[in-house]
Amino acid sequence: MDILRDLNERQKEAVQFKDGPLLVLAGAGSGKTRVLTTRIAYLIQNGVDPDNILAITFTNKAAGEMKGRIYKLIGYFAKTMQISTFHSFGLKIIKENYEYLGYDKNFVIFDSDDTLTIIKKILKDKNIDITKFNPRTIRSTISSLKNELESPSMYKNRAFTDFDKLVAEVYEEYENTLQKNNSLDFDDLLILPIKLFSERHDILESYQEKYKYILIDEYQDTNEAQYKLTKLLANKYKNICCVGDIDQAIYGFRGANYRNILNFEKDYKKAKIINLEENYRSTKTILQAANSVIKNNKNRKEKNLFSNLEIGDKISYYRASSGLSEVKFVVSKITELKKTVSLNDMVILYRTNAQSRSFEDGLLKANIPYKIIGGVNFYNRMEIKNLLAYLRLIHNSNDDVSLERIINVPKRGIGVKTLNNLLETSREKNKSLYDAIETGKELQFKKIIEELKTKKDTMPLTEFIDLVLDKSGIREEYQNEKTLDADIRLENLEEFKSVAKSFEEENGVISLEDFLLNVSLITDNSEITDTSSKNNAVSLMTIHAVKGLEFDYVFLVGMEENLFPHSNSLFSLEEVEEERRLCYVAITRCKKKLFLTNARIRLLYGMDQINPVSRFIKEIDDDLLDNIGIKVITNEDDNFYNKNNYDEFKKVDEKYQEMDYNNNISLNKVDLNTTYTNSDIKYEVGDFVYHENFGAGRVIEVIENKKNPKASLLKIAFKLPYGVKTLIYSHKSLRKV
DNA sequence: GCCTAAGTGCTTTTT
DNA sequence: GCACTTAGGC
């Protein structure tokens with residue numbers, strides 16, 4: 001079979017390029033995955049041993065998909081090939097070298113929840129006020145440091161502010177705690193292999209020999225650690241093929257650095273570079289919209305992505321009066337579409353997970369099946385985490401974090417006091433909490449675990465899980481409760497068992513150890529949330545989660561300033577540009593028809609927010625947009641709100657909601673007869689104002705300039721998604737409401 | 001030690 | 001709006 005048959009010239013070139021460094025700059029929808037998979041097949045057809053190929057993707061989903069596609073091309077060989085995410089590849093290396101790295105065989109991986117618990121505990125021990133220093137911020141700072149390969153001692157030398165000094169201390173303590181618990185965090189999965197390779201050249205060389213051909217997907221999203229890891233591995237043979245697109249770099253917040261792409265030529269002399277610029281996915285209209293948005297980024301390389309597909313439909317833009325009416329609009333469109341189109345071809349995309357709920361409600365009411373990808377995690381539910389903690393403790397009795405979690409679950413009368421005593425003893429005797437248990441109710445708990453330990457290797461995993469549920473008393477507790485909530489939790493536990501079962505079916509007999517390690521890798525992002533779905537369902541997900549996928553019909557919702565671009569990003573150009581790339585990713589997922597929506601007022605986190613139209617909408621050429629319903633983006637329209645006081649917003653909105661849904665036209669006739677002038681406005685504390693970028697706000701302080709009253713400043717409180725932000729402004733950028 | 005009520009702070013995106 | 005924490009009564 002001719003695997004090259006359907007490729008264009010550029011794609012062929014990329015596939016056939018054999019030895020040496022190769023960078024493929026692949027625009028959205030240009031057949032990137034196809035090139036990668038075909039290239040792998042081609043290498044194998046031309047004599048490369050599949051065992052010598054390493055392919056790295058970003059998500060488990062992408063890895064799975066790539067495996068499937070290679071399997072289709074070349075069959076059997078695909079099974080043994082190493083196709084995985086950076087993190088699972090790292091885990092593999094660690095498993096093969098745990099002793100050298102100083103871990104016991106039964107090490108476990110802590111997810112971000114566990115690590116947060118550790119950080120909180122360290123802060124408590126140090127008597128640090130948690131309200132002053134946010135544990136999450138500390139955690140993410142430590143994570144960034146780790147990904148930048150900066151050790152606690154290195155960081156100490158350059159920590160000068162109070163916060164930095166604290167982080168340095170906590171970081172050191174945190175690393176000790178992980179070590180003591182015989183555990184790793186996610187970042188360690190990348191760092192430890194690097195450590196291993198840097199210290200042991202012989203080991204590095206054996207891996208270099210094994211992985212003679214390396215392929216990396218989504219290269220623009222690699223961070224320092226990932227970059228370093230690939231560089232080490234590729235250093236000997238330099239058969240490295242990286243694929244990426246700077247315009248789709250959306251993981252800067254996690255330390256990814258798209259400049260790794262720009263530096264490729266410096267890193268690998270005589271690198272071959274191939275541009276893929278023909279888009280096979282989207283209509284001309286959609287592609288043009290995407291291009292007109294992304295061209296506003298200053299930090300990028302100009303490129304010319306084109307489509308030879310039809311012009312297609314215009315993009316529908318709907319500005320709803322409220323969050324609710326935005327939902328109604330989307331649901332009504334889906335209802336209409338589903339008469340002729342499969343629900344599987346539709347997706348609702350949003351910037352933040354919090355936005356999914358209202359769409360869920362709407363779809364539920366309309367009886368439209370949907371599935372949520374990502375979002376509130378199955379593995380994050382209390383009952384699952386508790387069960388996992390049991391399993392982990394059984395597997396690794398040094399795991400203090402898990403022990404603390406479950407020693408009193410279900411209630412055994414072991415409270416704070418007992419636990420503190422136990423902590424004391426464990427510290428004195430330098431033992432793990434588990435080993436420090438000698439008396440009392442704790443001992444009964446220990447006996448349960450001991451008994452389970454002896455049984456763990458005597459039965460299939462699913463049976464063992466049942467045993468844990470019974471012996472621990474978890475099942476009994478929920479059964480006795482007889483509430484809907486408890487029933488759901490029981491169901492979730494059953495669901496967890498079936499996850500274990502499918503692991504067994506896939507891999508044959510699986511040890512508790514392998515199960516735990518595998519589960520922790522999918523822990524933080526699953527696609528299990530699958531509420532009402534059969535085989536036919538609308539997908540809901542964040543834009544981050546949709547990367548790499550495509551849909552005929554895309555609803556991109558919440559196109560408002562503060563939401564998208566997100567309010568946290570507005571203060572830095574770099575971050576706004578990342579938001580813009582995110583928008584580019586969202587638009588380019590769409591094959592046939594794109595819907596953009598937003599709301600004038602929305603209820604978020606319990607408060608009303610009034611946001612301006614997203615700048616990304618304004619960046620799209622007007623003639624590509626088809627405005628449905630009320631007339632939009634005109635100044636008159638925005639002024640409509642500005643002319644009212646805030647309390648009236650809501651009343652007007654209620655009216656709007658009825659009207660714009662049933663009778664769009666009448667809205668244009670609304671005239672409030674209020675005049676508005678820009679000069680000589682006196683502001684007082686309590687006045688409502690409207691700002692171009694931040695939306696509605698309220699004056700909390702007037703800082704007068706007596707000499708020049710017009711230069712007086714105002715302290716304004718804006719209601720942003722997570723509370724109130726105060727900013728100081730001159731009159732100029734504001735309008736009184 | 002356990003339970004409840006009240007209070008607080010928060011959520012950008014993910015392996 | 002929610003999840004998590006804390007205080008105080010039992």
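No hydrogens, no waters, no symmetry mates; every other heavy atom, side chains included, goes into these values. A, B, ... follow the sequence lines: proteins, then strands. Residue 1 opens every chain.
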Please produce a list of atom pairs where a protein N or O lies less than 3.5 Å from an N or O of nucleotides 2-8 of chain B.
unit_1	atom_1	unit_2	atom_2	d
B:dC2	OP1	A:G413	N	3.3
B:dC2	OP2	A:N408	ND2	3.2

Can you find a heavy atom in the side chain of [X] that is under 4.5 Å from one in the side chain of [Y]?
X	Y	value
A:C583	A:M559	yes
A:N97	A:Y207	yes
A:F107	A:L184	yes
A:L570	A:N562	yes

Sequence neighbours left out, what passes side chain to side chain contact (heavy atoms under 4.5 Å, CB included) with [X]? Give chain and number order.
X	value
A:E477	A:P410
A:F253	A:Y251, A:H544, A:E578
A:E575	A:S569, A:S572

Spacing between [X] atom [atom1] and [N] atom [atom2], to the nearest angstrom:
X	N	atom1	atom2	answer
A:F133	B:dG9	CZ	P	15 Å
A:K441	B:dG1	NZ	C1'	8 Å
A:L349	B:dT13	CG	P	15 Å
A:N568	B:dT13	CG	C1'	11 Å
A:L422	B:dG1	CG	C1'	16 Å
A:R139	B:dT11	CZ	P	9 Å
A:Q355	C:dG1	CD	C1'	15 Å
A:L540	B:dT13	CG	C1'	16 Å

Could you tell me whether [X] contacts a base, only the sugar-phosphate backbone, or nothing, with contacts defined as non-hydrogen atoms closer than 4.0 Å?
X	answer
A:N134	sugar-phosphate
A:Y251	sugar-phosphate
A:T418	sugar-phosphate
A:F58	sugar-phosphate

Would you say the base of B:dT12 stacks on A:H566 (centre-to-centre below 5.5 Å, plane angle below 30°)?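 Taking the rule of under 5.5 Å and under 30°, the ring of A:H566 does stack on B:dT12.
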Applying the 5.5 Å / 30° rule, does A:F253 stack onto the base of B:dT12?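 It does not: the two rings, one from A:F253 and one from B:dT12, miss the stacking criterion.
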Any carboxylate oxygen within less than 4.0 angstrom of a Lys/Arg side-chain nitrogen, looking at A:D188 and A:K195?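 A salt bridge is absent here (no side-chain N lies under 4.0 Å from a carboxylate O).
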Cationic N near anionic O, under 4.0 Å, A:E619 to A:R615: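 Looking at A:E619 and A:R615, the cut-off is not met.
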Could you pick out which residue, A:R351 or A:D187, lies toward the 5' side of DNA chain B when each is mapped onto its nearest nucleotide?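 Its nucleotide being nearer the 5' end, the pick is A:R351.
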Centroid separation A:F86 to A:Y227 less than 6.0 Å: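 Between A:F86 and A:Y227, the centre distance exceeds or equals 6.0 Å.
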P atom, C:dC4 versus B:dT13: distance in rounded Å?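 Taking atom P in both C:dC4 and B:dT13, they lie 15 Å apart.
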What integer number of Å spans the C1' atoms of C:dT5 and B:dT12?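 My reading of the C1' atoms in C:dT5 and B:dT12 gives 24 Å.
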Phosphate OP1/OP2 of B:dT14: any A:N353 side-chain N/O under 4.0 Å: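 Checking A:N353 against B:dT14: at least one side-chain N or O falls below 4.0 Å of OP1 or OP2.
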Looking at B:dT14, I'd like to know if its phosphate oxygens (OP1 or OP2) sit under 4.0 Å from a side-chain N or O belonging to A:T542.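 For A:T542, the contact criterion (side-chain N or O under 4.0 Å from OP1 or OP2 of B:dT14) is met.
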Which class fits the ring pair A:F503 and A:F515: parallel under 30°, tilted 30 to 60°, perpendicular over 60°?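 The rings of A:F503 and A:F515 stand perpendicular, inter-plane angle above 60°.
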Below 30° counts as parallel, above 60° as perpendicular, anything between as tilted: where do the rings of A:F133 and A:F163 land?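 Answer is parallel, since the angle falls under 30°.
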At what distance, to the nearest 0.5 angstrom, does CG of A:N260 lie from CD of A:E224?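 With rounding to 0.5 Å, CG (A:N260) is 7.0 Å from CD (A:E224).
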Distances under 3.5 Å between protein N/O atoms and the N/O atoms of nucleotides 2-7 of chain C, please, pair by pair.
none

Which residues in residues 573-580 of chain A have a heavy atom closer than 4.0 Å to any atom of DNA chain B?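 Contacting residues: A:E575, A:E579.
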